[in-house]
Amino acid sequence: MEQLGELELLMEKSFGEEAALPAELFQKKVVSSFPKTVLTGGMDNRYLVLAVDIVQNEEGNHEKHLIITAHQSLEYKDRCILRNDWCSVPVEPGDIIHLEGDCTAGTWIIDKHFGYLILYPDMLISGTSIASSIRCMRRAVLSETFRGSDPATRQMLIGTVLHEVFQKAISNSFAPEKLQELAFQTIQEIKHLKEMYRLNLNQDEIKQEVEEYLPSFSKWAGDFMHKNTLTDFPQMQLSLPSNDGKNNSTCNIEVVNSVDIEESIWSPRFGLKGKIDVTVGVKIHRGCKTKYKIMPLELKTGKESNSIEHRSQVVLYTLLSQERRADPEAGWLLYLKTGQMYPVPANHLDKRELLKLRNQMAFFLFHRISKSASGQKTQLASLPQIIEEEKTCKYCSQMGNCALYSRAVEQHTDDSSVPIIMLPKIKEETQHLKLSHLEYFRLWCLMLTLESQSKDNRKNHQNIWLMPASKMEESGNCIGNLIRTKHVKTVGDGQYLHNFLRKNGTIPVTNLMAGDRIILSGEERPLFALSRGYVKEINMTTVTCLLDRNLSILPESTLLRLDQEEKNCDIDTPLGNLSKLMENTDVSKKLRDLIIDFREPQFISYLSSVLPHDAKDTVACILKGLNKPQRQAMKKVLLSKDYTLIVGMPGTGKTTTICTLLPAPEQVEKGGVSNITEAKLLVFLTSIFIKAGSNPSDIGIIAPYRQQLKIINDLLAHSSIGMVEVNTVDKYQGRDKSIILVSFVRSNKDGTLGELLKDWRRLNVAITRAKHKLILLGCVPSLNCYPPLEKLFYHLNSEKLISFLFCNMKVFVTYWEIFQEDKALFSLPFHTRAVSPLASACGLYFVCYKSSAWLDCEDNFYLKGTK
DNA sequence: GCTCTGCCAAGAGGA
């Protein structure tokens, strides 16, 4: 919030003052709003706007004059003059922009004929999003906010299937039998079958509808591919800027090959991203001349509209293509229903207007929060104006959110003007909501938006294009200098196993571990985000990854980098849920009642009335394994009509084991805290369990610190021990293993424990993941500084469960057996995991966990998943 | 103070 305050302070200043603002203040703003941006000139320029002035030129027209700098020191200033419609770009002092065009004598001129300005170029907006903003900017912004409001439909499924069939055919064959086979095979894919089930459609009707398209596929291929004479190819009117002067726009079009399928491109130059259905090699025969171009081909399965939205999408893809190769100057729009293909030239005017829309959208997405006019209240900003087109609104899937936002947010705080004809519609859409509901929506929408904007939650992959791999490697979240080795193995649909080798020597110190999500890019500029996936295996020299695309089309010499996918703040799901909670349905109404208006949950009186007769034995069997308080709570859950809050903590059982050794001081280094002695002991104990006949997959190793996990992993790799899972406490949440070994790591003289271990919830998770045996390893004097652990030791000590391994550096080792004794450790009321499967089997709405007070913590309520 | 949580994604078509 401090940063936001700073920003607003700047925004409130007038232009004159802006220019005079001290450089440090600007630098502060840039650091807080654009933490990763490095100002730079040249092709990938990033300018900081220092001042904005509106002036009248000699012809009496308005121009926007910007004072800009591409230097971190802010010392060297350039100018940018925005003419014609560019004057309307909502650019403000402190903004980051990218400029395309020419800079002469320190001045950029962007006008209707030449040049582009890209606002917040590192914010990548998808082609479809921008295309949809043509009709209604508000809807485009709402769709980016409330994702998942678009219900899936039969047509969408058909569309997805047909895209896939065409894409397979173009690199295979369009022969009718082959098409049949590809269609059949595609329909059988699990993801499509699931979707059919969801939409309540049967396979046969989908198959039939898909098959209706296939003759058009063949017709298209017959027209555009594999002919003997050039003149057999369809004639089209297509003039490209590069053959200017020549009036001959007539040409024959030959589609030679498919260069790529679903090519995913990020363009930090134009601030765009997108996926190109098919990237095709095309020969354009004009007179006796032939030009070969690699161009985007966009497939459409719906009505042959050749609409401005469809064409715009293609124009945007020509911009994306420039990130990888020469400007295609045009693209193709193919309607699969008829096989009709339209050329879409990308002229300056279209590109200019689309980029202006992109800028507008970027502005709205960037400015989600505002300050109230009266003072210091942080509130949600207004969205783009509601349009006055009842026809467009009639079928809009964002109608509900649009009206809700207008009523709950805009009409509450702002003097925003709603078109009069839209007022009744807004009222109608929101009349089922009480004031308390609107308030709830406003509050949570604000909270979630703020959360997503907080510094460490901001989702951006900017490092990939703003920072070279060699520099990123220092953080441990990136590995560069990799080349692809061996063959790419296709594991499944959209899953390709790749092997990478560090080109020179060994892989540097890294945080990357098996299971981490990564983004694969080329080291060279144009190859950002070629593919996404997971690390499968990593050692000193090689990395194995499961990727979503097959990269064997790249030359083997291509230098690649892996970037750990930054955590993404998923506010999409809660925002989607919030939107759903406000829907005019019975289910949502009931939930509003319980959640917003706090209606007390209801319970029925007798279990026999709810339990199906044949479920009795099963339930009895499950209950038998629980202790008394667990059984009582379980009963309450079963009687629940609405929801049940379960207050609980896990644990029971005991036994002892003894070892001798872990002095075991911790090491603090760049990668984090670790404890080699504990690690060795732990690996030793693991080997004992395996020798004793335990299955490695039944053993889990937990440590709170990543560095410790790394050391344990290294030790395991050098031993003969197989696939033992090693992970952080948090990754084990909600799961368990037969045998769990925990390494507490911390051991020092001054009693520093760090905040991490002090989180009692984490401690709780760590000691409750074991089904049969739990071994805790740690330094008693160090850990004793913390009351909850002290309590634990007190108990363990009284039960003689602690083995002191060395006289002055005491280490405890213990395990106990869970579920074998009725007696609960610490008199814990519950074992939550025992409850949840049963609860969900009973179809409860909520399963709620209240954190227990056993460690003198404050009362926290956790609302867990809805069903 | 060194950890994690919600996570695949841009588009599938409608009018």
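- A distance of about 23 Å separates the P atoms of B/dA10 and B/dG14, rounded to the whole Å.
- Protein atom OH of A/Tyr335 is 14 Å distant from nucleotide atom C1' of B/dA12, rounded to whole Å.
- In this structure A/Arg139 satisfies the salt bridge (charged side-chain N to carboxylate O under 4.0 Å, His left out) test with no other residue, sequence neighbours excluded.
- With hydrogens and angles left out, the side-chain atoms of A/Gln340 and A/Lys300 include no donor and acceptor closer than 3.5 Å.
- At the heavy-atom level, A/Lys394 lies nowhere under 4.0 Å from the strands shown.
- Whole-Å rounding puts the A/Glu565 CD to B/dC4 P distance at 15 Å.
- Rounded to whole angstrom, the span from the CH2 atom of A/Trp266 across to the P atom of B/dA10 amounts to 8 Å.
- Sequence order on DNA chain B of the closest nucleotides to A/Tyr534 and A/Ser129 puts A/Tyr534 first from the 5' end.
- Within the 4.0 angstrom heavy-atom criterion, no nucleotide atom of any strand lies near A/Glu262.
- Between A/Thr160 and the phosphate of B/dA12, there is no side-chain N or O to OP1/OP2 separation shorter than 4.0 Å.
- Judged as a salt bridge (charged side-chain N to carboxylate O under 4.0 Å, His left out), and not counting sequence neighbours, the contacts of A/Arg154 are A/Glu205, A/Glu209.
- With rounding to whole Å, A/Glu195 atom CD is found 14 Å from B/dG13 atom P.
- Qualifying salt bridge (charged side-chain N to carboxylate O under 4.0 Å, His left out) partners for A/Asp563, counting only residues two or more places apart in sequence or in other chains: A/Arg561.
- In this structure, A/Tyr440 and A/Trp444 have tilted ring planes: the angle between them lies in the 30° to 60° band.
- Between A/Arg746 and the phosphate of B/dC2, there is a side-chain N or O to OP1/OP2 separation shorter than 4.0 Å.
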For this session: Dot-bracket for DNA chain B, please, read 5' to 3', with Watson-Crick or G-U wobble pairs under 3.5 Å on both distances, ( ) within the strand, [ ] crossing, | other strand, . unpaired.
Result: ...............
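- The NE2 atom of A/His163 sits 16 Å away from the P atom of B/dA10 (whole-angstrom rounding).
- Using a 4.0 Å heavy-atom distance criterion, A/Asp150 is classed as a base contact.
- For B/dC4, the OP1/OP2 oxygens have a side-chain nitrogen or oxygen of A/Arg706 closer than 4.0 Å.
- At the phosphate of B/dA10, neither OP1 nor OP2 sits under 4.0 Å from any side-chain N or O atom of A/Tyr317.
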Exercise. Salt bridge (Lys or Arg N to Asp or Glu O under 4.0 Å) between A/Glu390 and A/Lys425: does it pass, once the steps are laid out?
Worked result: CA-CA 9 Å; A/Glu390 279 174 285; A/Lys425 182 76 181 159; over 6 Å; no
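- Rounded to whole Å, the distance from NZ on A/Lys337 to C1' on B/dA12 is 14 Å.
- For B/dG11, one of the phosphate oxygens OP1 or OP2 lies less than 4.0 angstrom from a side-chain nitrogen or oxygen of A/Ser126.
- Each of A/Tyr395 and A/Gly274 lies near DNA chain B, and the nucleotide nearest A/Gly274 is the one positioned closer to the 5' end.
- Here the side chain of A/Thr573 is nearest to one of B/dG6, B/dG11, B/dG14, namely B/dG6.
- Listed by first and then second residue, the ring pair (Phe, Tyr, Trp, His ring centres under 6.0 Å) pairs that reach into residues 304-323 of chain A are A/His310-A/Tyr335, sequence neighbours excluded.
- Taking 4.0 angstrom as the limit, A/Tyr705 places a side-chain polar atom (N or O) nearer than this to OP1 or OP2 of B/dC2.
- Remark: P of B/dC2 and CG of A/Asn675 are 14 Å apart, rounded to the nearest angstrom.
- A side chain to side chain contact (heavy atoms under 4.5 Å, CB included) with A/Val488 holds for exactly one of A/Asn550, A/Leu547, A/Leu551; it is A/Asn550.
- Residues passing the salt bridge (charged side-chain N to carboxylate O under 4.0 Å, His left out) test with A/Arg532, sequence neighbours excluded: A/Glu565.
- B/dG11 sits 22 Å from B/dC7 when the P atoms are compared, rounded to a whole Å.
- Within the 4.0 angstrom heavy-atom criterion, no nucleotide atom of any strand lies near A/Gly533.
- Residue A/Thr128 has no polar side-chain atom (N or O) positioned under 4.0 Å from OP1 or OP2 of B/dA10.
- The separation between A/Gln167 atom CD and B/dA12 atom C1' is 11 Å, rounded to whole Å.
- Among the nucleotides B/dC4, B/dA15, B/dC2, the one closest to any side-chain atom of A/Thr728 is B/dC4.
- A/Glu298 comes within contact range of the sugar-phosphate backbone alone, with a heavy-atom separation under 4.0 Å but no base atom that close.
- As judged by a 4.0 angstrom heavy-atom cut-off over every strand, A/Lys391 is placed among residues making no nucleic acid contact.
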